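As the structure is a computational prediction, the values presented were derived from the model and not from experiment.
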Amino acid sequence: MSSKYIVRQPIKDTAGNIIGYEILYHGENQAFSGDSGTSSAEFAAADTIYTFLTQNSTKMLKGTLNFMTFTTMLLMKKTPRLFDKNELVIQIDDSVIIHPLSMHFVQQFAKEGYKIAVNEFQFMPRYLALLDGIDYIKINIKSVNDINLKNTVEIARSMNKKCIITDIDSEALYEKALAMKVDAVEGTYVAERLTTRAHSSAYIQSNFFRLMVAVTRDEPNVEEIEQMIAADAGLTFALLKLVNSCYFALRHRANTIRQAMMTLGLGQLKQWIYLLSASNTEGSMEEGSEEFLKRSFMRANFCSELMNHAKDMPISKSEAYLMGMFSTLNYLIDAPLEEILAEVPVADEIKNALLNHEGRCGKLYDLVLSYEAANWEQINVLADELGISSNVLTNVYFICMDNVNTLWEQLTNPYLSDTGEEMEEKATAPEGTLQ
């Protein structure tokens, strides 16, 4: 049975802010925008994609700007209408541009208010003729020479079109794109590049890092953890804010640190400390930290959920969660990952996976990284080696994405009937009876 995957990769402006996501699809042995062969094959593929998107994608893609490439058959099936016109950019490539019927549909969608982008824009008459009716041009930095790239960017800028440079997989290409003064960039290097550390090293080492070690011990000391949280006003406020949000729907409010810890349980506390550490006393995130923390949380959830399907794994689901979460600790703490993991009480299998990509844990970690990078061939190989059916991967990915988005929303925008000042007073109140 053919594999079907959907993954999204960020598109960032030159300041490093995400402006939207490229939705990459792979199914029926072809890429979302790839050549389809015969018309019957394309129709079959389009039908599969349409059904797949109807069943799976809308819940994951809500609330963001999504750049998605459509073939002629997908346009004929009016697939763009699965998405809100404010959340979709219809991408077209050469196969659509040279097809009169396809362009008729594109023009109709544009009249309805959908944004249009052209993939692999080229310095050719049929592409230049489209400039009046499109909103974005996307140029593959590896497919054009510097002169044509510069000319195309200048033309786009003169006509007030947004210009996105794609396929950036190295720092040299990234710097080259920035020098062209484009509007946005995309590629594996862009997806992995973090504009800033989530925290200063001093903050992490004095609070977060010690707390992470404490909650990941085989037998965590509840009183020690409570004292560490109590010593940090920001973590105290963030913890109480979390457990009193509508996500937990408590009958009685948690008024103390101990009550909050008992509400979460040590298992969930271990998972949430990573995110709680990013909240200051106003409950907001430091600039640049949100993208980083959501990626860490996504990796952790993905690793953990894939454990339900992987065969012969030497670690537990909770350990797999930590493997995903700790995979980016070097960005958080601003120190070599090898040095950090030497101080963290995790299994050797996890350390070997993160540092050397070894063992079955290394294969699980590589599968998550390959999915992030939309490396279709590697995804299939690793899934097969782990005994994971390729058909469950996207469903698991969607579940994790939905969970991360939901929990993140609850963390950053919880429903509070009390004011922050009232909660801070409760945080210092004497211990009461646990509810």
Side-chain angles (χ1 to χ4, degrees), residues 6 8-9 11 19-28 30-54 57-58 61 64-140 143-144 152-153 155-167 182-184 186:
I6 289 181
R8 65 180 195 172
Q9 291 187 342
I11 300 172
I19 65 167
Y21 292 90
E22 170 96 22
I23 307 303
L24 301 172
Y25 180 90
H26 179 82
E28 295 295 301
Q30 33 184 318
F32 188 88
S33 59
D35 293 333
S36 55
T38 66
S39 58
S40 60
E42 182 181 7
F43 188 85
D47 190 59
T48 299
I49 296 168
Y50 183 89
T51 302
F52 195 63
L53 290 173
T54 303
S57 69
T58 52
L61 308 179
T64 61
L65 185 62
N66 304 286
F67 290 71
M68 187 179 297
T69 301
F70 292 87
T71 63
T72 296
M73 287 298 174
L74 287 171
L75 291 169
M76 291 176 65
K77 291 175 72 68
K78 299 187 168 113
T79 312
R81 288 188 182 145
L82 289 173
F83 305 90
D84 187 304
K85 62 186 177 183
N86 296 315
E87 297 176 349
L88 178 68
V89 176
I90 298 173
Q91 294 184 163
I92 58 175
D93 56 24
D94 202 52
S95 67
V96 170
I97 293 171
I98 63 176
H99 196 301
L101 183 60
S102 297
M103 286 309 298
H104 169 76
F105 281 104
V106 170
Q107 290 161 3
Q108 184 59 43
F109 285 123
K111 288 180 182 178
E112 294 174 13
Y114 286 88
K115 300 293 185 184
I116 309 298
V118 175
N119 273 334
E120 304 279 343
F121 193 93
Q122 301 175 41
F123 209 72
M124 298 171 63
R126 67 174 179 271
Y127 284 85
L128 296 174
L130 292 173
L131 277 173
D132 280 340
I134 63 177
D135 304 280
Y136 298 88
I137 69 169
K138 301 185 75 177
I139 309 170
N140 188 316
S143 65
V144 297
T152 305
V153 171
I155 290 173
R157 190 181 300 118
S158 70
M159 298 185 70
N160 295 319
K161 308 300 178 183
K162 300 290 186 183
C163 187
I164 302 172
I165 301 296
T166 67
D167 203 16
V182 298
D183 296 285
E186 179 186 353

Enter the distance from D93:CG to T72:OG1 here, rounded to the nearest 0.5 Å.
8.5 Å
Answer yes when E112 and K78 have at least one side-chain N-carboxylate O distance shorter than 4.0 Å, and no when they do not.
no
Are L75 and V96 side-chain neighbours, meaning at least one heavy-atom pair lies under 4.5 Å?
yes
For the CG atom of D183 and the CZ atom of R157, what is their distance to the nearest 0.5 Å?
7.5 Å
What is the distance from atom NZ of K115 to atom CG of N86, rounded to the nearest 0.5 Å?
8.5 Å
Does any non-hydrogen side-chain atom of Y114 lie less than 4.5 Å from one of R81?
yes
Just by modelled atom types, is the Y21 backbone N or O under 3.5 Å from a matching donor or acceptor in the N66 side chain?
no
Minimum side-chain heavy-atom gap T71-S95 below 4.5 Å:
no
Can we call the ring centroids of F67 and Y136 under 6.0 Å apart?
yes
Any donor-acceptor pair under 3.5 Å from N140 side chain to E120 backbone
no
How far does OG1 of T152 sit from CD1 of I137, to the nearest 0.5 angstrom?
6.0 Å
Donor-acceptor contact below 3.5 Å, side chain T166 vs main chain K138
no
Mark yes when over 12 heavy atoms from residues, nucleotides or ligands other than K162 sit less than 6.0 Å from its NZ; otherwise mark no.
no
Check: L82 and L88 side chains under 4.5 Å, non-hydrogen atoms:
no
Euclidean distance, I97 CD1 relative to I92 CD1, rounded to 0.5 Å
4.5 Å
Go through the steps for V89 and D135 under the test side-chain contact (heavy atoms from CB on, under 4.5 Å), then give the verdict.
CA-CA 9 Å; V89 176; D135 304 280; over 6 Å; no
Just how far is it from atom CD of Q91 to atom CE of M68, taken to the nearest 0.5 Å?
9.0 Å
With a 3.5 Å cut-off and sequence neighbours excluded, list the donor-acceptor pairs that the side chains of residues 121-134 form with protein atoms.
unit_1	atom_1	unit_2	atom_2	d
Q122	NE2	Y127	OH	3.3
R126	NE	D94	OD1	2.9
R126	NH2	D94	OD1	3.0
R126	NH2	D94	OD2	3.0
Y127	OH	D94	OD1	2.8

Apply side-chain contact (heavy atoms from CB on, under 4.5 Å) to the pair I116 and V106, showing each step before the final yes or no.
CA-CA 8 Å; I116 309 298; V106 170; 4.0 Å; yes
